[in-house]
K.L.:
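Submitted below is the structure of interest, expressed as structure tokens.
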2 protein chains.
Amino acid sequence: MDVTIYDVAKAANVSMATVSRVMNGNPNVKPETRKRVQDVIKELNYRPNAVARGLASKKTTTIGVVIPDISDTYYSELTRGIEDVAKMYQYNIILTNSDKKLDKELELINDMSSKQVDGLLFMGDELTQAHRTYFEGLKVPVVLAGLLDGKNEIPSVNIDYGQATYDSMKHLLKAGHRKIGLIMGNMRQLILKKYIIPSAEKALSEYQAEFMSHYLYEGDNSYKSGLEATAVFLNMSPATRPTAIFVLNDEMALGVIHGIQDHGLNVPNDFEVLSFEDTKLTRMVRPTLSSVVQPMYDIGAVSMRLLTKLMRKEEIAETQILLPYRIEFRGSTK
Amino acid sequence: MDVTIYDVAKAANVSMATVSRVMNGNPNVKPETRKRVQDVIKELNYRPNAVARGLASKKTTTIGVVIPDISDTYYSELTRGIEDVAKMYQYNIILTNSDKKLDKELELINDMSSKQVDGLLFMGDELTQAHRTYFEGLKVPVVLAGLLDGKNEIPSVNIDYGQATYDSMKHLLKAGHRKIGLIMGNMRQLILKKYIIPSAEKALSEYQAEFMSHYLYEGDNSYKSGLEATAVFLNMSPATRPTAIFVLNDEMALGVIHGIQDHGLNVPNDFEVLSFEDTKLTRMVRPTLSSVVQPMYDIGAVSMRLLTKLMRKEEIAETQILLPYRIEFRGSTK
DNA sequence: TTGAAAGCGCTAACAG
DNA sequence: CTGTTAGCGCTTTCAA
């Protein structure tokens, strides 16, 4: 069927080993021989069989990507970053969606193991002991993207969620707000509990503002839940309801803005709204949405870069990477 | 290192062939033997090496997905459909972005060939002879998703773009509009030239409305280009400018709505806006966006389903599939 | 119903 | 600098 390394060897009058050397850029080949082999390769349009290669070398140049949902903008931008860097280093990615279901996640990790991936990039909500066990079974490097390992064992790439939250709250507090609604998404629980909420509390307390549980709303990252959260807040009396809202993702934030406007109120005059994601959606609303900029593409790209280093067993200075973030102020804040 | 089929064979006191049979559900195994082997498999936590399997069987249970850009909602929803069905049939997908660059696309097709994928799902703007040649080199089935083969040779899944355009224009014409702006994206050229434009012309002519080239704007699918297109239209005198705008994707349509509103005009009273995509963005604007519903997820899912049939060499009644569409009327039309 | 054995196409010692 | 050879872990005849 297809042309194999053997065909090339025969046509070039060398052994398969030499062809293999040429293919792999091994320097121990006489220039003339190399040239001759390369000519034959071109002529026969030989392309090595990656599967055979993988079996012989135990390297597939394929990495597994386990993601909650590729149709979610957050993850698709992240994935784009992953794939770009993977391509740069000649890796392919096997992509699969977990929907954040633990059993699915574990099964997918096993699938990746069968496929003999050289590394795994994992995204999800939470990291359990089961994950750690399965990762170990993989026997290849794993990097978490946008997800923290509570034990700081598994390499990961994130932003400093706590600091970003603190800065955001601080900004709203400085602007005079004391009643600040906080709409959470189905965000990584650990991040929420360990970083977001404590940091929000800290900022509030510095301004003698109380952390009120009825200003906390648990959304699910959807536009609709932003709308719903707003309804809850607007239902409070004007004296007690929040005057600013900090939302943990853009879709919900859009829901919040529209929810407020649907009630005949104004953003940012009646309510300031600040988001925590910064997809292109931020520029697709009126007023445009202010947001903490989470560099999704970069998180993906840096994760993949880190993974390549791990796979090549290079020395790594720091495996718990925090990328810089900033806050982009647009129309939804004053 | 890892437990192999040989370890299982030894532990179960059978030959590797028998273990292989058990793994592959071959019925020619005595129930007791099967049971014994299965027990050992579980006990040893044996998972077959997919790479070795691929080499021996020439089937990798992996399919290639070549897509313009995974961070584009249109494609990410489509990809989700692909992956869900792939998983259902035990296939993994190798995902890669082409950015619609011809040379990249061809190179990626070759990469997929090296990786020995069992099939290919291709998305892009245009299908050239070069594509056809590379597809043939692959020697595995190929399905086009959201892309038509002008020669009707390569299986594909789409909606009837011409009919959808005709219906849309007809709706606007019936509503009394005679000056209708048409904002094109960087859509598949063939589809544009062969289906969209002729169908728009047809509808217009049926209402004695002329097809005016200055009502045609070439956008690039971005929000910004929607804004720009609107500026062009609004620059025309109120007597000659369009009163309705048909836009070929949602992001641009959002730009159009905001462009109009930024000029102090009203949607749908001053301008009706109709889009052609129907991502969740349609519900994330005020007024909400009316749109032709392109079932992206379904296009992906059906493409993948078709590909599985092709890979199994099943009989296929129709390889040029057109999925049903509908128009969802929301706030941007009267 | 089972086993033996020959590959699948390539890499990687090892020897020369 | 180049060739020989032994696998990589599995599937798949072919015989028994």
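Chain letters run A, B, ... following the sequence lines, proteins first, then strands; residues in each count from 1. Computed over heavy atoms, backbone and side chain alike; hydrogens, waters and symmetry mates excluded.
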K.L.:
Tell me the interatomic distance from Leu55(A), atom CG, to dG9(D), atom C1', rounded to whole angstroms.
P.N.:
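Going from Leu55(A) (CG) to dG9(D) (C1'), I get 6 Å.
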K.L.:
Tell me whether the OP1 or OP2 atom of dC10(C) has a side-chain N or O from Tyr46(A) closer than 4.0 Å.
P.N.:
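For dC10(C), OP1 or OP2 has a side-chain N or O of Tyr46(A) closer than 4.0 Å.
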K.L.:
Scan Asp72(B), Ile70(B), Leu108(B) and name whichever one has a side-chain contact (heavy atoms from CB on, under 4.5 Å) with Asn97(B).
P.N.:
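Going through the options one by one, the only one that passes is Ile70(B).
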K.L.:
To the nearest Å, give me how far apart CG (Asp2(B)) and C1' (dG7(D)) are.
P.N.:
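Roughly 17 Å, once rounded to whole Å.
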K.L.:
Using the side-chain contact (heavy atoms from CB on, under 4.5 Å) rule, pick out the option among Leu95(A), Val65(A), Ile82(A) that qualifies with Leu95(B).
P.N.:
Leu95(A)
K.L.:
Considering residues, nucleotides and ligands other than Gln90(B), do more than 12 of their heavy atoms fall under 6.0 Å from its CD?
P.N.:
no
K.L.:
Is there a side-chain contact between Pro295(A) and Ile159(A), using heavy atoms and a 4.5 Å cut-off?
P.N.:
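The answer is yes, as the side chains (C-beta and beyond) meet within the 4.5 Å cut-off.
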K.L.:
Taking atom C1' of dT11(D) as reference, at what distance in whole Å does atom CG of Asn49(B) sit?
P.N.:
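Distance check: Asn49(B) CG to dT11(D) C1' gives 13 Å.
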K.L.:
Below 3.5 Å is the cut-off: list the nitrogen or oxygen pairs between protein and nucleotides 1-5 of chain D, distance only.
P.N.:
| residue | atom | partner | partner atom | Å |
| --- | --- | --- | --- | --- |
| dT2(D) | OP1 | Thr33(A) | OG1 | 2.4 |
| dT2(D) | OP2 | Lys30(A) | N | 2.7 |
| dT2(D) | OP2 | Thr33(A) | OG1 | 3.4 |
| dG3(D) | OP2 | Ser15(A) | N | 2.9 |
| dG3(D) | OP2 | Ser15(A) | OG | 3.3 |
| dG3(D) | OP2 | Thr18(A) | OG1 | 2.8 |
| dG3(D) | N7 | Arg21(A) | NH1 | 3.4 |
| dG3(D) | N7 | Arg21(A) | NH2 | 3.4 |
| dG3(D) | O6 | Arg21(A) | NH2 | 2.3 |

K.L.:
What's the CD-P distance between Gln116(A) and dC8(D), to the nearest Å?
P.N.:
13 Å
K.L.:
Could you check whether any side-chain heavy atom of Ile41(A) comes within less than 4.5 Å of a side-chain heavy atom of Met23(A), counting everything from C-beta outward?
P.N.:
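Contact flag for Ile41(A)/Met23(A) side chains = yes.
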K.L.:
Mind calculating the distance between CG (Asp7(A)) and P (dC8(C)) to the nearest angstrom?
P.N.:
11 Å
K.L.:
Distance check needed: dA6(D) C1' versus Lys58(A) NZ, whole Å only.
P.N.:
14 Å
K.L.:
For the pair made of NZ in Lys10(B) and P in dG9(D), what is the distance, rounded to whole Å?
P.N.:
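Going from Lys10(B) (NZ) to dG9(D) (P), I get 13 Å.
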K.L.:
Taking only side-chain N and O atoms of Lys59(A), does any of them lie within less than 4.0 angstrom of OP1 or OP2 on dC10(C)?
P.N.:
no
K.L.:
Establish, with yes or no, whether the OP1 or OP2 oxygen of dC10(C) is under 4.0 angstrom from a side-chain nitrogen or oxygen of Ser20(A).
P.N.:
no
K.L.:
Measuring only between side-chain heavy atoms, which start at C-beta, is Lys115(B) closer than 4.5 Å to Thr61(A)?
P.N.:
yes
K.L.:
Check this one for me: any side-chain N or O of Asn24(A) less than 4.0 Å away from OP1 or OP2 of dT11(C)?
P.N.:
yes
K.L.:
Regarding Thr4(A), tell me which of base, sugar-phosphate or nothing describes its non-hydrogen contacts under 4.0 Å with the strands shown.
P.N.:
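The answer is sugar-phosphate, as Thr4(A) gets under 4.0 Å only of primed atoms, P, OP1 or OP2.
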K.L.:
Within this structure, what is the CE-to-P distance between Met23(B) and dT11(D), rounded to whole angstrom?
P.N.:
8 Å
K.L.:
Identify which one of Lys35(A), Lys42(A), Arg36(A) satisfies the salt bridge (Lys or Arg N to Asp or Glu O under 4.0 Å) criterion when paired with Asp39(A).
P.N.:
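Single pass found, and it is Lys35(A).
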K.L.:
Does the side chain of Arg53(B) get closer than 4.0 angstrom to OP1 or OP2 of dG9(D) through an N or O atom?
P.N.:
no
